[in-house]
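Presented below is the structure to which this report refers.
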Amino acid sequence: MIRTLLYLLAGVLLGGIIHIAVILALPTFASRDIWTKITALNAENRIEILPEVPPGAPNPFGLDPELVYAVCQLNISEAPAEVSGVLPDGFWSLSVVNPAGVVVYSTTNRDGIGQNLDLGIFNPTQTRLLAEQELDVADGLLIVESRDDEVFIAVRLHPPYPAMRGRYRDALAGLTCGNIQ
Amino acid sequence: MRFVLHLLATVAVALAVGFGLSWFALTDGRLFGAFQFGPWASWPQAGSHTPDPYTRAHLARDGRLQLGQSEGLQFTATADSQGQPLTRNCRYRLTGRTPVASFWTLVAVDAEGVNIARPDAEAALNSARISRQPDGTLLVYIGKTLSPQNWLEITGEGPFALSLTLYDTAVFGGLGPSVDAMPAIEREACL
């Protein structure tokens with residue numbers, strides 16, 4: 001009896017190890033993660049407006065029907081990148097996401113930026129060159145440092161009324177996104 | 001023979017505990033990375049730049065666009081305040097207050113995350129466009145039957161979930177009404 005209980009206890013301990021291994025390994029083996037879905041959009045160095053999701057339709061990105069979304073995938077291994085443009089009055093927010101799906105930086109228009117979006121994404125080496133004044137960037141550029149060379153940015157914009165969605169979507173499409181030459 | 005049986009039992013227990021616990025942790029999460037208040041659950045570290053391992057696994061499995069910590073926070077409820085699963089045959093009443101946020105949206109979704117609002121009705125309720133009670137509190141009806149004031153009209157059969165997304169919120173910032181101001185979900189008549 002005691003021997004059986006010891007075997008079962010060993011099973012529980014082994015189960016705990018399997019659980020930890022599954023939790024730690026899952027991000028490496030996930031195939032339906034956000035990075036895979038964004039890569040499938042071919043939105044490298046350009047703004048892609050995510051399509052509207054009407055009620056009843058699949059919503060793989062988990063989009064809020066009240067907002068309009070833009071994404072842009074960037075590779076900053078060769079040169080830093082910049083996202084810029086002017087957005088209409090209303091709430092907007094921006095996040096920088098790495099291949100693991102982790103939001104490495106996020107901000108909103110309430111953080112004193114207002115309607116002008118001008119964000120530079122630099123890796124640690126480029127940030128050091130910037131500090132040593134070896135890189136020349138425009139004044140007023142908000143610098144974000146990313147440890148990953150590959151990231152995507154997601155911009156959310158909130159049209160106050162449904163009738164304004166088209167105009168707000170056009171404003172999002174007018175953003176520029178790409179490496180700084 | 002006995003040794004083999006013991007070994008098989010050990011392996012069976014290990015697999016059941018290992019994979020069962022992982023599935024539970026990432027589906028429900030309330031004992032692990034998720035924050036629970038009443039019927040509402042959220043992964044507060046989902047928008048953090050240093051998420052814990054459970055949140056990282058949740059992000060990989062979830063595969064949806066996450067809100068950064070300064071952008072907002074999403075809460076999901078799959079049961080009412082009494083703990084009974086939300087079902088589309090019943091009408092529900094959302095009452096009370098929400099934590100401080102620039103605005104919030106309320107969406108009803110099925111298990112796959114598909115919006116179940118009636119196609120030619122409002123796809124979501126937006127805090128900027130709802131009527132409030134004289135004392136400023138919330139009164140929202142969710143269901144298939146005609147309802148007064150703020151009505152999120154849904155379609156179909158079976159269970160569903162409510163998604164409350166707070167944008168630009170100070171919910172974990174310690175300022176103003178915090179997460180204990182989440183609205184109650186009360187079940188009304190069922191068909």
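Just so you know, these numbers use all the heavy atoms, side chains as well, and skip hydrogens, waters and symmetry mates. This structure is a prediction, so every number in the text was calculated from the model and none was measured. Lettering of chains follows the sequences in order, A, B, ..., and the numbering in each one begins at 1.
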Checking [X] against chain B: side chain, backbone, both or neither under 4.5 Å from a heavy atom?
| X | answer |
| --- | --- |
| A:Leu94 | backbone |
| A:Leu9 | neither |
| A:Ala10 | both |
| A:Tyr161 | both |
| A:Pro27 | both |
| A:Leu50 | side chain |

Do [X] and [Y] have side-chain heavy atoms sitting under 4.5 Å apart?
| X | Y | result |
| --- | --- | --- |
| A:Pro55 | B:Arg118 | no |
| A:Leu26 | B:Leu26 | yes |
| B:Trp23 | A:Val22 | no |

For the interface with chain A, which of [options] has the highest count of heavy-atom pairs at distances below 4.5 Å?
| options | answer |
| --- | --- |
| B:Leu59, B:Val17, B:Leu21, B:Ile116 | B:Leu21 |
| B:Leu15, B:Leu67, B:Asp120 | B:Leu67 |
| B:Ala9, B:Ser102, B:Ala128 | B:Ser102 |
| B:Leu65, B:Leu125, B:Val114 | B:Leu65 |
| B:Glu122, B:Arg56, B:Arg64, B:His49 | B:Arg64 |

Q.
Working to the nearest 0.5 angstrom, can you tell me the gap between B:Tyr167 OH and A:Asp64 CG?
A. 3.5 Å

**Q.** CD on B:Glu71 to OG on A:Ser95, rounded to 0.5 Å
**A.** 4.0 Å

Below 4.5 Å, heavy-atom pairs only: which of [options] has the largest tally toward chain B?
| options | result |
| --- | --- |
| A:Leu14, A:Asp33, A:Val102 | A:Val102 |
| A:Val104, A:Leu24, A:Thr4 | A:Thr4 |
| A:Ala154, A:Ala30, A:Ser31, A:Pro65 | A:Pro65 |

Under 4.5 Å heavy-atom distance to chain A, tell me which part of [X] shows up: side chain, backbone, both or neither.
| X | answer |
| --- | --- |
| B:Val107 | side chain |
| B:Glu112 | neither |
| B:Leu5 | neither |
| B:Thr55 | neither |

Heavy-atom closest contact ([X] atom, [Y] atom, distance):
| X | Y | value |
| --- | --- | --- |
| B:Gln66 | A:Arg156 | O-NH2, 3.2 Å |
| A:Glu66 | B:Asn126 | OE1-ND2, 2.8 Å |
| A:Leu8 | B:Val13 | CD2-CG2, 3.6 Å |
| A:Lys37 | B:Gly63 | NZ-O, 2.7 Å |
| A:Ile18 | B:Phe19 | CG2-CE1, 3.9 Å |
| A:Val103 | B:Gly47 | CB-O, 3.8 Å |

Q.
Please tell me whether B:Phe103 and A:His158 form a close aromatic pair, meaning their ring centres lie under 6.0 Å apart.
A. yes

**Q.** More than 12 heavy atoms from other groups under 6.0 Å of CD on A:Glu78
**A.** no

Q. Quick check: are there more than 12 heavy atoms from other residues, nucleotides or ligands sitting under 6.0 Å from CZ of B:Arg129?
A. yes

Q) Any side-chain donor-acceptor pair under 3.5 Å between A:Thr107 and B:Ser70? A) no

**Q.** Connected via hydrophobic side-chain network under 4.5 Å: B:Trp104 and A:Leu63
**A.** no

(Q) Grouping I, L, V, M, F, W and Y whenever their side-chain heavy atoms are under 4.5 Å apart, do A:Leu175 and A:Ile49 come out in a common cluster? (A) yes

